[in-house]
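Heads up: the structure comes next, in structure tokens.
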Amino acid sequence: MMLMPALVLMAMSHNAAPSVIALAEGATAAETTAARELSTYPGKMTGRAWPVIPETRASSRRDAIWVGPTAQASAAGLRAGSLRAEEWVVRSTPRGLVVTGGRPRGTLYAAWHLLERLGVRWWTPCDETVPRIRNPRLTGLNLRGEPAFRYRDVYMVEDPGADRWCARNRLNRNGDRPIGAELGGAMDYGPPYHVHTFYNYVPPGEFFASHPEYFAEVGGKRTGENAQLCTTNADVRRLMLERLRAYIAQSRAEAAKTGSPASMVYSVSQNDWGGFCECAQCKAAAEREGGYAGPYIDLANYLADGIRNDYPDVAIDTLAYFMTQKPPRSVRPRDNVIIRLCDTGSNFARPITDPANKAFRDHITSWANIAKRLRIWDYAVTYCPHSVLPFASAQTYPLDFRFYRDHNVEGVFTEHEYSMSGDMRDLKLWLMARFLEDPNLDYAAALREFTDGYYGAAGAVIRIYLSELQAAQEKAGSFIGMGSGPISFIHLTPSFVARAHELFDRAERAVAGKPDMLHRVRVARLSLDRATLALARRLNAQLGSASCPWDRDAVARRALETWLTEIDRRVAPAKRESERAAARREIETLAAVRLNLPLPEPFRGLPAGSVQDHAAETFRNFADQARVVQDAEAETGTASRFEIPDAELAKYALPIPWGTYDTVGLRGVVSARIAPEAIPGPGYHWYRLPACKVGTADYVWFFWSWIIQCDLSDGGGDLHEVHARIKFEGPAFPHGKPDQRNAISVERIVAVRKR
């Protein structure tokens, strides 16, 4: 974004300040909102709102703010249609102040930039700063700008008022949540959805029975379940083009009704699983192009060619994701095809320019050499329980976004969920929006602006915490990726956790007399509190005989109180009870983890430090399909138990797999199957994997669904034997009783370093 100087704010006599807002004839809903914002916020600042009147009633005035494509804007050389969609201008003229821009969002952006220059800030959907200015005078303005990226999207801000917060901070999409026409609308994808759309275009339920050849051939058999399409099939292509054209027509009709901008981008992209077609034609195309990106880009080109003449402004968006991440050898995307690159393997704690992230950096540069238009699918979350724990990442935004901007990237989509408990999410979202608009901003200045503005007197201490957090993770060499669980946060050592709590104690004291500020500081602390609980057993082991420098029960009480208060403040009433229940369940479960369990009997004679012992309270149980329960047969008294639905019994029939996975290398390390004959009798028994190396961030998984997982401690890359104590119950398993529910329980996992 380019800005031209300059702005001066001065106190002056009442009659020289702006007194009315003159709104353009034929103003759009968004331009009307811009005028209202310029009336409302000066009213909050001065106690006297500037009224909004039609420009025709202000034609003789010299004290107006002229909003939208007014005659005064045209007289200043800013004619309607000459400005790009999000380009904005604020300019002083002899007749007053012109605030205008392109459609649909430019005038809104001009208004919001003007208000920000007056000191207004929208920190979160619930929190704003509006300064008191007795008589604002705006002189010598010549401001002009445009966001660096055409598409700026976060998935997603869910607080009430999130659409307005996103728009005010110049995000032009908010995941699946709408931004209405009165806020400029969104840079939305057209139907059917913005990603993973193959089965939307060709649903298996509609076509598989009659046309199995439309679907992927996997292992010599056509399948319509958890697979892809046969993208080289001519009939599939014709059908997809027909439906694409229908989706475009549908989208344009809906836009005309609502007044929102019509969608200009349509996703035609692979499903979110494997199952790529192995038929002779698809396999030959993939081999010829060095991977499945070849036939998939060829499909996108076919569709792009099929709509270009009728819809020259529409683009097709497709993924470079896992099996399609590598660019094809010879196929080149059309100019109306967008490649969306998914950053599935980077270290979020490091910028794209860091050697650790060379693989994704190389993907970007390779695609930039052959594609005119790129978008990034980024991740700011870890998809494991207790996401997201403390790690410094905001400092990477300007470096990342500048690199993207310089390599054909027109937009960024970031998955950034967990608004209640995610690490410093308010700060990170605000900074992300700032740098998506202008990657050239100074990071230190932007950080100071938010921390001082949002945390008040605690801001300086929070900056110290963030600096020390970044230094700790760099010293530890932490790798935080999309699959990282608590065990990956190796920088959270007892000494750092103690120091972090000391800093937050100081921050709380600094704002002790201001309840709102104190709550904001405690929300910033919530991720640290949750980490202190989630890593309690590891931290306790690292402390050894030293006394614990924090009170675990007090941490749990503070975390739960803060979390529940934030839920009441920022969650819609209909969702509050379920959110509160989930918060209680997490904190109470973590607070109950036993810190000192005796080793299981078979491992008690092994050398000190050679045994990792993990009980069920620390397992990951996805989507509550398995749950930690009391179990009198378990040595520890608890187990992670999965009661198998009758409809899924076949999927969990023996032999059943388990193994370990490396979240840094994104690869399976070792696996084995438990066969019926391996179960010696009822109750719990130990089972063992083949010896394997255990790195800094590996975990054990169970069953084909991986719904039970357990993080292993840092094994230093050494060889380990991994053991699990498992019980099979019910008539579906050997030794199970007819009156039992079919269930699998895992109570304990032990990893033994091999000398």
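Numbering starts at 1 and runs along the sequence shown. Computed over heavy atoms, backbone and side chain alike; hydrogens, waters and symmetry mates excluded.
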* **Residue pair Glu747, Arg725: steps toward the salt bridge (Lys or Arg N to Asp or Glu O under 4.0 Å) verdict** => CA-CA 6 Å; Glu747 75 139 316; Arg725 198 159 187 261; 2.3 Å; yes

* **Residues Ile480, Thr382; criterion side-chain contact (heavy atoms from CB on, under 4.5 Å); working and verdict** => CA-CA 8 Å; Ile480 309 298; Thr382 56; 3.8 Å; yes

* Could you go through the side-chain contact (heavy atoms from CB on, under 4.5 Å) check for Leu374 and Tyr404 one step at a time? => CA-CA 9 Å; Leu374 302 179; Tyr404 297 159; over 6 Å; no

* Asked: Given the rule in the ring-ring contact (aromatic ring centres under 6.0 Å, His included) test, do Phe348 and Phe479 qualify, once you have shown the distances and angles that lead to the verdict?
  -> CA-CA 8 Å; Phe348 304 160; Phe479 187 103; 8.1 Å; no

* I would like to know whether Asp529 and Trp550 meet side-chain contact (heavy atoms from CB on, under 4.5 Å); could you show each step before the answer? => CA-CA 10 Å; Asp529 283 344; Trp550 56 84; over 6 Å; no

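Partner Phe276 forms a ring-ring contact (aromatic ring centres under 6.0 Å, His included) with one of Tyr321, Phe198, Tyr292 and no other, that one being Tyr292. Under the side chain to side chain donor-acceptor pair (under 3.5 Å) rule, Thr638 has a single partner from Arg748, Gln630, Arg594, which is Arg594.
Here the side chain of Tyr465 pairs no donor or acceptor atom with the backbone of Arg499 at under 3.5 angstrom. Without hydrogens or angle criteria, Arg361 side chain to Ile352 main chain gives a donor-acceptor distance under 3.5 Å. The backbone N or O of His416 lies less than 3.5 Å from a partner atom in the side chain of Arg425, making a donor-acceptor pair. Side chain of Asp423 to main chain of Ser527: no donor-acceptor pair is present (N/O by atom type, distance under 3.5 Å, no hydrogens or angles). In this structure, Asn357 contributes its side chain and Pro351 its backbone to a donor-acceptor pair below 3.5 Å. A donor-acceptor distance shorter than 3.5 angstrom exists from the side chain of Thr197 to the backbone of Ser267, with no hydrogens or angles considered. Side-chain atoms of Asp272 never come within 3.5 Å of backbone atoms of His196 as a donor-acceptor pair (strictly under, hydrogens ignored). Using modelled atom types, one side-chain atom of Gln325 and one backbone atom of Cys342 make a donor-acceptor pair closer than 3.5 Å.
The shortest side-chain heavy-atom distance between Asn271 and Leu229 does not fall under the 4.5 Å cut-off. Between Leu654 and Pro734, some side-chain heavy-atom pair lies under the 4.5 Å cut-off. With contacts defined as side-chain heavy-atom distances shorter than 4.5 Å, the pair Cys230/Arg222 qualifies. Counting heavy atoms from C-beta on, the side chains of Tyr383 and Glu417 come closer than 4.5 Å. Within the 4.5 Å cutoff, the side chain of Met482 has heavy atoms near those of the Thr344 side chain. The shortest distance between side-chain heavy atoms of Thr663 and Ser488 falls below 4.5 Å. Put simply, the side chain of Phe733 does not reach to within 4.5 Å of the side chain of His735, judged on heavy atoms. The closest side-chain heavy-atom distance from Val555 to His501 is below 4.5 Å.
Electrostatic pairing of Arg741 and Glu643 counts as a salt bridge here, judged by a charged N lying under 4.0 Å from a carboxylate O. Ionic pairing of Lys754 and Asp718 is not present here: no N-O contact between side-chain nitrogen and carboxylate oxygen is shorter than 4.0 angstrom. Look at Glu278 and Lys283 and you find no salt bridge, because none of the NZ, NE, NH1 or NH2 atoms lies under 4.0 Å from a carboxylate O. Between Arg584 and Glu586 no salt bridge is recorded (no basic side-chain N to carboxylate O distance below 4.0 Å). Electrostatic pairing of Glu729 and Arg641 counts as a salt bridge here, judged by a charged N lying under 4.0 Å from a carboxylate O.
By the ring pair (Phe, Tyr, Trp, His ring centres under 6.0 Å) test, Tyr684 pairs with no residue at all, sequence neighbours left out. Scored by the salt bridge (Lys or Arg N to Asp or Glu O under 4.0 Å) test, Glu579 finds no partners at all (sequence neighbours excluded). With sequence neighbours left out, Trp686 forms a ring pair (Phe, Tyr, Trp, His ring centres under 6.0 Å) with Phe603. Residues satisfying the salt bridge (Lys or Arg N to Asp or Glu O under 4.0 Å) criterion with Asp714, sequence neighbours excluded, are absent altogether.
Counting non-hydrogen atoms of other residues, nucleotides and ligands closer than 6.0 Å to CD of Glu474 gives a total above 12.
Looking at His491 and Ser478, their side chains do bring a donor and an acceptor atom within 3.5 Å of each other. There is a side-chain donor-acceptor pair under 3.5 Å between Asn596 and Asn540. Between the side chains of Thr324 and Gln270, at least one donor-acceptor pair of N or O atoms lies under 3.5 Å. Side-chain N/O atoms of Asp343 and Ser346 include a donor and acceptor closer than 3.5 Å.
Summarising the geometry, atom CG belonging to Asp176 is positioned 9.0 Å from atom CG belonging to Asp153; distances are rounded to the nearest 0.5 Å. Taken to the nearest 0.5 Å, the OG atom of Ser393 stands 9.5 Å off from the CG atom of Leu466. If you take CD on Gln228 and CE on Met323, they are separated by 9.0 Å, rounding to the nearest 0.5 Å. Rounding to the nearest 0.5 angstrom, the gap separating the OG atom in Ser713 from the CD1 atom in Ile487 is 4.0 Å. The CG atom of Leu599 sits 8.0 Å away from atom CG of Leu606, with the distance rounded to the nearest 0.5 Å. If you take OG1 on Thr618 and CD on Gln709, they are separated by 12.5 Å, rounding to the nearest 0.5 Å.
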Could you pull out every donor-acceptor pair under 3.5 Å between side chains of residues 694-704 and any protein atom, sequence neighbours left out?
| residue | atom | partner | partner atom | Å |
| --- | --- | --- | --- | --- |
| Asp698 | OD2 | Gly695 | N | 2.9 |
| Trp704 | NE1 | Lys651 | O | 3.3 |

Show me, pair by pair, the donor-acceptor contacts under 3.5 angstrom made by side chains of residues 673-683, not counting sequence neighbours?
| residue | atom | partner | partner atom | Å |
| --- | --- | --- | --- | --- |
| Arg673 | NH1 | Pro655 | O | 3.4 |

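Judged by a 6.0 Å distance limit and a 45° cone about the ring axis, Arg530 is positioned over the six-membered ring of Trp563. At least one cation-pi condition fails for Lys727 and Tyr687: the charged atom is not both under 6.0 angstrom from the six-membered ring centre and inside a 45 degree cone around its axis. Taking the centre and axis of the six-membered ring of Phe413, the NZ or CZ atom of Arg340 falls inside the cone set by 45° and 6.0 Å.
Nearest heavy atoms, Ala531 versus Leu492: CB-CD1, 3.8 Å. Heavy-atom minimum distance, Ser269 versus Thr318: CA-OG1, 4.0 Å. Considering every non-hydrogen atom in both Asp711 and Pro486, the closest pair reads OD2-CD, 3.3 Å. What you find for Gln473 and Ala349 is that their closest heavy atoms are NE2-CB, 3.4 Å. Minimum heavy-atom separation, Arg753 to Gly715: NH2-O, 3.7 Å. Residue Ala559 comes nearest to Ile587 through the heavy atom pair CB-CD1, 4.0 Å, listed as atom of the first residue, atom of the second, then distance.
Under the 6.0 Å cut-off for aromatic ring centres, Tyr379 and Tyr155 do not qualify, their centroids lying 6.0 Å or more apart.
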